[in-house]
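Everything on this sheet refers to the single structure shown next.
What's counted below: heavy atoms across the whole structure, side chains too, no hydrogens, waters or symmetry copies.
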Amino acid sequence: MTASVKPEYHKTLFFRLLGIGIHQKLLAFASLIILLIIFSVTSPNFMQTSNMIAILQAASVNGVLAIAVTLVIITGGIDLSVGTLMTFCAVIAGVVLTYWGMPLPLGILAALLAGALCGLCSGTFVAKMHIPPFIATLGMMLILKGLSLVISGTRPIYFNDTPGFDQIARGSVIGELIPSLPIPNGVLILFIVAITASYILNRTILGRYAFAIGSNEEAVRLSGVNTARWKMTIYALAGSICGIAGILIASRLNSAQPALGLGYELEAIAAVVIGGTSLSGGRGTIVGTLIGALIIATLTNGLRVLAVAQEWQTIVTGAIIILAVYADMLRRKNTA
Amino acid sequence: MTASVKPEYHKTLFFRLLGIGIHQKLLAFASLIILLIIFSVTSPNFMQTSNMIAILQAASVNGVLAIAVTLVIITGGIDLSVGTLMTFCAVIAGVVLTYWGMPLPLGILAALLAGALCGLCSGTFVAKMHIPPFIATLGMMLILKGLSLVISGTRPIYFNDTPGFDQIARGSVIGELIPSLPIPNGVLILFIVAITASYILNRTILGRYAFAIGSNEEAVRLSGVNTARWKMTIYALAGSICGIAGILIASRLNSAQPALGLGYELEAIAAVVIGGTSLSGGRGTIVGTLIGALIIATLTNGLRVLAVAQEWQTIVTGAIIILAVYADMLRRKNTA
Amino acid sequence: MPIIIEMTGVEKKFPGVHALKGAQFELQAGEVHALMGENGAGKSTLMKILAGIYQPDRGDVRIYHTKVSPHSPRDAQQLGIGFIHQELCLMDDLTAAQNIFIGREPRLSFGRVDETALNRQAIDIFASMNVDLNPRSLVGHLTIAKQQMIEIAKALSFKPRVLIMDEPTAALNDAEIAELFMTIRRLKSEGVGIIYISHKMDELKQIADRVTVMRDGEYVATVGVKETPVSTIIAMMVGRKLTATSTETPDLSEATTALEVIGLNRGQHIRDISFSLKKGEILGFAGLMGAGRTEVVRAIFGADRKDSGEIRVHGTPCIIDKPVDAVRLGIGYLSEDRKRFGLATGMSIRDNIALASLNRFSGKIGQLDEDGIRGAARSFICTQAIRTPSDQQEVRLLSGGNQQKVVIAKWLLADCDILIFDEPTRGIDIGAKSEIYALLDQLAKDGKAIIVISSELPEIIRLSHRIAVMCEGRLTGILPGGTNTSQKDIMQLATQTNAIMHTIGN
Amino acid sequence: EDQIYIPLISKGFQHQFWQAVKTGADQAAAEFGVRITFEGPDNETVVDRQIDMLAAALANKPQAIGFAALDSQAAIPLLRQASEAGIPIVAFDSGVDSDIPVSTTTTNNRAAASLAADKMAKLIGGKGNVAVVAHDQTSRTGIDRRDGFIERIQSNYPSINVVTIQYGAGDQLKSTELTKAILTANPDLAGIFGTNEGSANGVVNGVREMNRRGLVVIGYDSGKAQKDAIRNGLMAGAITQNPVGIGYETVKAAVFAVKGKTLPLTIDTGFYYYDATNIDDPEIAAVLYD
Ligand SMILES: Nc1ncnc2c1ncn2[C@@H]1O[C@H](COP(=O)(O)OP(=O)(O)OP(=O)(O)O)[C@@H](O)[C@H]1O
Ligand SMILES: Nc1ncnc2c1ncn2[C@@H]1O[C@H](COP(=O)(O)OP(=O)(O)OP(=O)(O)O)[C@@H](O)[C@H]1O
Ligand SMILES: [Mg+2]
Ligand SMILES: [Mg+2]
């Protein structure tokens, strides 16, 4: 009896691009707003521009990963390899830029290509070999984790020789224009990725097939669509978005840390589901995922600012994830 | 067009209990046998009684967890909290035995009860509040991780004051009878749990409803069955099996390690899927899961005995997980 | 005869749909009471209220004059109400017997299931229904017809006082329907009240005593079947008069061959099938359930593999391995199970109509021409009279007939000139049926080549220009369409197990 | 082949610290002509996985074993089995609470963290608020470094207040985010102690992203990023152990044990405090790794 969240088309460009039904979606912000209010009341230090920016920045890597997973989940799959794929792409960028000394754009391109290629692998396992996505991407997760260590020689790769690399995520183009709003580029990139992904999902043939495959793959196949090819395209696209996340995290740390990434997949999936995307496929929005990532980032930051003991932070986070999804279900039941 | 694997009923008691079709299932051993042969040929040290026992013992905790997850997956759900629930139960046993100084049986009982109770919580979230199992158990995973730390005071709890506790998993009843076969009790417990779970799945109402719910929950509900109650029972049963895993690991380590457990859920799920259980529910066997757990343990141990570099171990493990599932799919397609 | 059930003033609203507007219904013991109405009239909803699946917004339900309000399927079961659902509602991974007794397994101690007793009881029920089914076979491996039998067996196993049958014969063949009617008559003689929902008008006269007609969620009338002519009942259902039309076989001697199948084989299910189809022709495929008609067209379409055989499209031999290949060659396939194979039910009408032709609506970077899609969808909604509030409505909220029209629109938009319809009117009301007939006639006139599979002989005879008859995977003959062929001719070929080609006419 | 085989089971693998230990072990292996393998679990919580590693290592009938116990009690049955089979055990990094190891090569983490506390106190002028970004809440090294720091502050510097301790699992990004939260919550913070390489780099990163100046950051271990941070003043200084030395001494002790030589019960490889002033001193540079 749960209603579905569907891409709908609206008047203003912004909302059209983000593909949201204003009325319905404003309600989805509710959990986020409530969290913000609670933390503002309980801690005087929470509501500062710098902290809001810190939250946005904390949401950026997870947000980009969550967008990648959203695409895959909409087709009815899942991607557990996003975290280690991100790392793998960062390492590839490190190899190209630092070990081989190539210019910056080539490094970025290499990371995106590596991501797309690995995504294509997962996609092939899923679409051609019919391996359940959970296992195909779990296997990829391990393979990529190992490959990152092999390629990097189990050492972080630093980007000190690539001037400007750390500015990709840390610099602030917006801050240069509006000094009072020093939103880092990483956040900007998150939003650009979100708008692009939303456009692809709601406005292009690829997106339409993603929803259709998640809704009823066999029916799509019998409509004369090469479902395998489109699924592989989606996994490859998700992979290249992980490549963007890899560049982001490498830029923030000014290094490619080959051992990082494990565990990031669950956080990304949590953001997706909190954002109202159905794990059984066919339904979902990028805005929802963004909100989900922001909820997680706000929660984590707020609890830390409150200096809640670490073990209790974990407990509260677990409880809030359950509650947020529960609230979303109730909300949708009522607006159905 | 994939055929279904179903509990079928056979002649000999053993196979009847394990609920396997001999012909079909012997093929499932194939991957395991192949692995064993490869490692025996490549390393002279692999095929020793002591190493085989080490493999069995390494499989025991993961095997028990995988059995718990199998039950939940058959109903069409998933349980990400098994690892941290195991730890939580171990900590509860530690509190009862070491902090409160109660006798051993009470400690075991407490662990099983704690497991059942937490399972019931997850079950309630899923069945009553209709939260997707992935999220409900992800939330529980975090909550239990935190609670274990809180209850234990972020310190391991040692069982030095409970004589015989370490013998639960480490001792060998079989070894006392047949000295040449010192199979540790932990392995024995794994097999007892497997046989019991298999019996429940294939012979009892609870098992019948588990398969039925995983197959078509709405149809079961429309047949007048209180699906919510049965689902909650399955989650509670899975929880108490995690309690057994908790006792096992605590006994092996002679301590309850409160931070352990994260990541164990993915390994358990991998074992389940390698064993041929469908992640979409309705189909699955415990023998399959046992074989899955043994494949993982053999692989891990064999690569170590071969002294393969650690990063390559990870890569090979990922690849073999994908291959094992692929082989299983091909096999079932052909025997369909 | 005592009155068992009275429902009065029943109201039910779903979000956006007023499904029942003061509906009423009455059932006597020992009668077969037909409930008729167009798709979406609210028949199933009314019955679901009786069976405790939905709660009414307003209105009374009385059983033996006592007001009841069943709140769950279990409540209804305890009140003696059995329900055979319109949509198959089975657990594919369980056996036939396990399905029948779900929730009421014979138990041994410690919650064990008495599997032996379970299977024995299932065998008894199958015997009483006169069907041949292995209680141990997995339901997922059975044909839809057999699955339907299991649904019926399940409902009977409750020994209900009231049995609701929501389109039980939609997937049954004539022999099976005959057996079912025997069972119904036996139950009737035992005093069971039966509510019978069907879109097949001929069944009405055979089995029903009274009929209640609904339209748009409202009660229209209850009349005796004997004293009321079928045309009157139809008029009450659709609110207008339907004129029966019949097809005229066009002269196709000049027409070119659109599709030619030569020596198609696949395992036991398809054995050496050869036939040809001309532009503008409607070729009917008749046969008993399981004769292999679906398998043949799926193999042609590339949905399943073939062992051997050649397919020529417009005279050119073609390789069709995947549905993509078929669609590229202009072949469209409307499957018999539209929910599973035809529609992405969670998506909008617009998206479903465009599904097979998105390529045409996408630009260089894959951006979709949403206006174009909307225009196309709306024009089909208009021309095919799809009843929906908007082209953005989710398909799952449409009634069966309208869903079928969406699938047809999908293939028309894809510009297919060879169309394969597999059971196009299954579960579709008489009004929509005649619309689909008219549509098929028109498509043929427009020069499309059409294959129609149907298990309803009158329908095959009404539609086809030629009738291919299959039996056990073989093509046993091709008969001329129209009034030249009788149902008996077809049945004779449909039961003829050795393959002798009868080619009459053409 | 009669080459001596010595497997080393460490507490970690992909972390720089453990890679430095591996480097030292490899050096010793080359020098003494023995074959080693080096393995460690993904994180310091998975005690049972480490025991499975030990079991697999024993299957290869090694001549000696180097072992860094995640939990010293849990491994005792297997270690006893090994020593009964005549395989000498050399403990490294942290000890095993038993008399089984023939020798233990270790750093005193607690004392090292106390030294960090002293340096912190001195740099912030003996008063103010400080925070700890630790790498693990339950592992031996995590607890020792955290407690060594806090206990020294509490006992010797009453005007210094440890306002918060948070755990970032040694993950640089997580440590970055939580440093930023700490800075938000404590605008008057005077210093932060990061208890391992990942934590320390995360702290530096967080401070940089928040643009906070004048904050005293003290780190632990080395690595290129940390060394750079010290050189350019973002980090005041750091404690370093001698991981290469630990690895080297462990293998050396194992070889000696196999050859039947007597060994000291503990081999302290020492720890040092380094900052911009002494980072290039030869004896410091020797114990730092990139
Ligand atoms: N769960 C639901 N949510 C929303 N609308 C519904 C729901 N169930 C039924 N409807 C709508 O209620 C109306 C009545 O549907 P119902 O299924 O009772 O029709 P019916 O007479 O059984 O038709 P058919 O002959 O096609 O089975 C239809 O318009 C249908 O779309
Ligand atoms: N998935 C399947 N598994 C096993 N047997 C099948 C399957 N699908 C079809 N069959 C068998 O293939 C034969 C042909 O079935 P098919 O569905 O083509 O017949 P049909 O004439 O189209 O009848 P229907 O009207 O039931 O569709 C039948 O004997 C059926 O039992
Ligand atoms: Mg209906
Ligand atoms: Mg058919």
Where at least one partner belongs to residues 216-228 of chain A, residue pairs that pass side-chain hydrogen bond (donor to acceptor under 3.5 Å, both in side chains), sequence neighbours excluded: A:E217-A:K231, A:E218-A:R221, A:S223-C:K410
Smallest separation among heavy atoms of A:A66 and A:V272, with atom names: O-CG2, 3.3 Å
Pairs under 3.5 angstrom only: tabulate donor-acceptor contacts from the side chains of residues 321-331 of chain C to other protein residues two or more places apart or in another chain.
unit_1: C:D325; atom_1: OD2; unit_2: C:D321; atom_2: N; d: 2.9
unit_1: C:D325; atom_1: OD2; unit_2: C:K322; atom_2: N; d: 3.0

Side chain / backbone / both / neither for [X] at chain A, heavy atoms under 4.5 Å:
X: C:F361; result: neither
X: C:L343; result: backbone
X: C:S357; result: neither

Carboxylate-amine/guanidinium contact C:R298 C:D304, below 4.0 Å: yes
